[in-house]
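Below is one structure; the comments refer to it alone.
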Protein chains: 2
Amino acid sequence: MNHKWLDILSKNGYRLTDSRKAVVEIISLSTHALTPIEIYEKAKAKRDDIGLVSVYRTLEKLEELKLIQRVHQPASCQAFMVASQEHQHLLLCSTCGEIQFFDGDDLETLIATISKKTGFKISEHWLQLFGQCANCQKTQS
Amino acid sequence: MNHKWLDILSKNGYRLTDSRKAVVEIISLSTHALTPIEIYEKAKAKRDDIGLVSVYRTLEKLEELKLIQRVHQPASCQAFMVASQEHQHLLLCSTCGEIQFFDGDDLETLIATISKKTGFKISEHWLQLFGQCANCQKTQS
DNA sequence: CCTCTTATTGAAAATTATTTTCAATTATAG
DNA sequence: CTATAATTGAAAATAATTTTCAATAAGAGG
Ligand SMILES: [Mn+2]
Ligand SMILES: [Mn+2]
Ligand SMILES: [Zn+2]
Ligand SMILES: [Zn+2]
């Protein structure tokens, strides 16, 4: 993943700097959505003079290249995670923040019905499931 | 709607001031999601000395009472609209911003499958459809 | 109506999140 | 190795939201 991202950045004319590589490594390997500050803190371990502003700038490019996406949650919408290339849906653990992709939804019928009923031409959908992962279920209750 | 909201505010110990009433009227009647600033601008028409800070404070209370909800869209998550009492789904026009509720989704099977496959205990879901409303389809293209 | 208490107000300051500016540095094409 | 243009981090600027505060006013109880 890591490597692929660096290639893509490079092919799009972006230079591969240490700051950028640190951000790429952190976010490409995370199973949680991370905020710019969280990424910054982690990145400082690899490169202690990195600036928060470089984190923002790298996120901007990764988002533009659709390698990452913003994750919307009830508490905040400032976190980012890996994006899947294809159309996708998220399954989020409200306790620990773990996120997985899932598929297998079949909304065709629903979309056709709503479309007919409302006159909307529907082009996109967001589906997210929230719950508690297996691990967090064990840990408490 | 208007009246009902004022009653609820009142029953929860909140006083009914002109500033509050202006905000309630604006947001309870809108078919679009509105940002604090947009609400503020509209509210000034009714009460020209209202402060933006009162808009924020009223939104906070209306959200707490579940009369309004934040709307998440690709471009921003800072807008609010009426909340439906029951579980609900949104249909949004990406062109003009109109929003409707819809129901009739049947995600039981999907949720059971994902739950079994991943071990998550799923407690909630978000489903939003994006498209273009009948009106906006006519207007352009 | 009056009065008292306390929630609410708007202005201003403070905080937080993000973006822009800028001069110095550095990746990379050749 | 060199030249060029992208990138950097610091600092300033901007935007969004929250807090502080003294003045005001809603509304409970008389
Ligand atoms: Mn889907
Ligand atoms: Mn549903
Ligand atoms: Zn978990
Ligand atoms: Zn429309």
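In what follows, every chain begins at residue 1, and chains take the letters A, B, ... in the order their sequences are listed. Nothing here was measured: the structure is a model prediction, and the numbers come from that model.
In this structure, the CG atom of A/D7 is 18 Å from the P atom of C/dA27, given to the nearest Å. Atom CG in B/L6 sits roughly 15 Å away from atom C1' in D/dG27 (whole-Å rounding). Taking atom CG of B/L59 as the reference point, atom C1' of C/dT9 lies 16 Å away to the nearest angstrom.
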| Base-contact (B) and sugar-phosphate-only (S) positions in nucleotides 10-24 of chain D, heavy-atom cut-off under 4.0 Å, - elsewhere | ------SSBBB----
Let me have the donor-acceptor pairs involving side chains of residues 6-18 of chain A, under 3.5 Å, with sequence neighbours excluded, atom names and distances please.
{"from": "A/Y14", "atom 1": "OH", "to": "A/E64", "atom 2": "OE1", "distance (Å)": "3.1"}
{"from": "A/Y14", "atom 1": "OH", "to": "A/E64", "atom 2": "OE2", "distance (Å)": "3.1"}
{"from": "A/T17", "atom 1": "OG1", "to": "A/R20", "atom 2": "N", "distance (Å)": "3.2"}

Using nucleotides 28-30 of chain C, report all nitrogen or oxygen pairs with the protein that are shorter than 3.5 Å.
{"from": "C/dT28", "atom 1": "OP1", "to": "A/L16", "atom 2": "N", "distance (Å)": "2.9"}

| Test log, rule side chain to side chain contact (heavy atoms under 4.5 Å, CB included), inputs B/L127 and A/L110 | CA-CA 11 Å; B/L127 174 59; A/L110 173 68; 3.9 Å; yes
| request: Could you give me the CA-CA distance, side-chain angles and deciding distance for B/W126 and B/H89, then say whether ring-ring contact (aromatic ring centres under 6.0 Å, His included) is met? | output: CA-CA 7 Å; B/W126 277 2; B/H89 316 94; over 10 Å; no
| message | One pair to check against side-chain hydrogen bond (donor to acceptor under 3.5 Å, both in side chains): A/Q69 and A/Q88. What are the steps and the verdict? | response | CA-CA 11 Å; A/Q69 68 185 141; A/Q88 38 95 344; 2.8 Å; yes
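A donor-acceptor pair under 3.5 Å is formed between the side chain of A/T118 and the backbone N or O of A/I114. The closest donor-acceptor contact from the side chain of B/E38 to the backbone of B/T35 lies under 3.5 Å. Side chain of B/Q137 to main chain of A/G119: a donor-acceptor pair is present (N/O by atom type, distance under 3.5 Å, no hydrogens or angles). Checked by atom type and distance alone, the side chain of B/H125 never pairs as donor or acceptor with a backbone atom of B/I111 at under 3.5 Å.
Toward the 5' end of DNA chain C, the nearer of the two residues B/G13 and B/V55, judged by each one's closest nucleotide, is B/G13.
Remark: B/R20 is in phosphate contact with C/dT9, judged by side-chain N or O atoms under 4.0 Å from OP1 or OP2.
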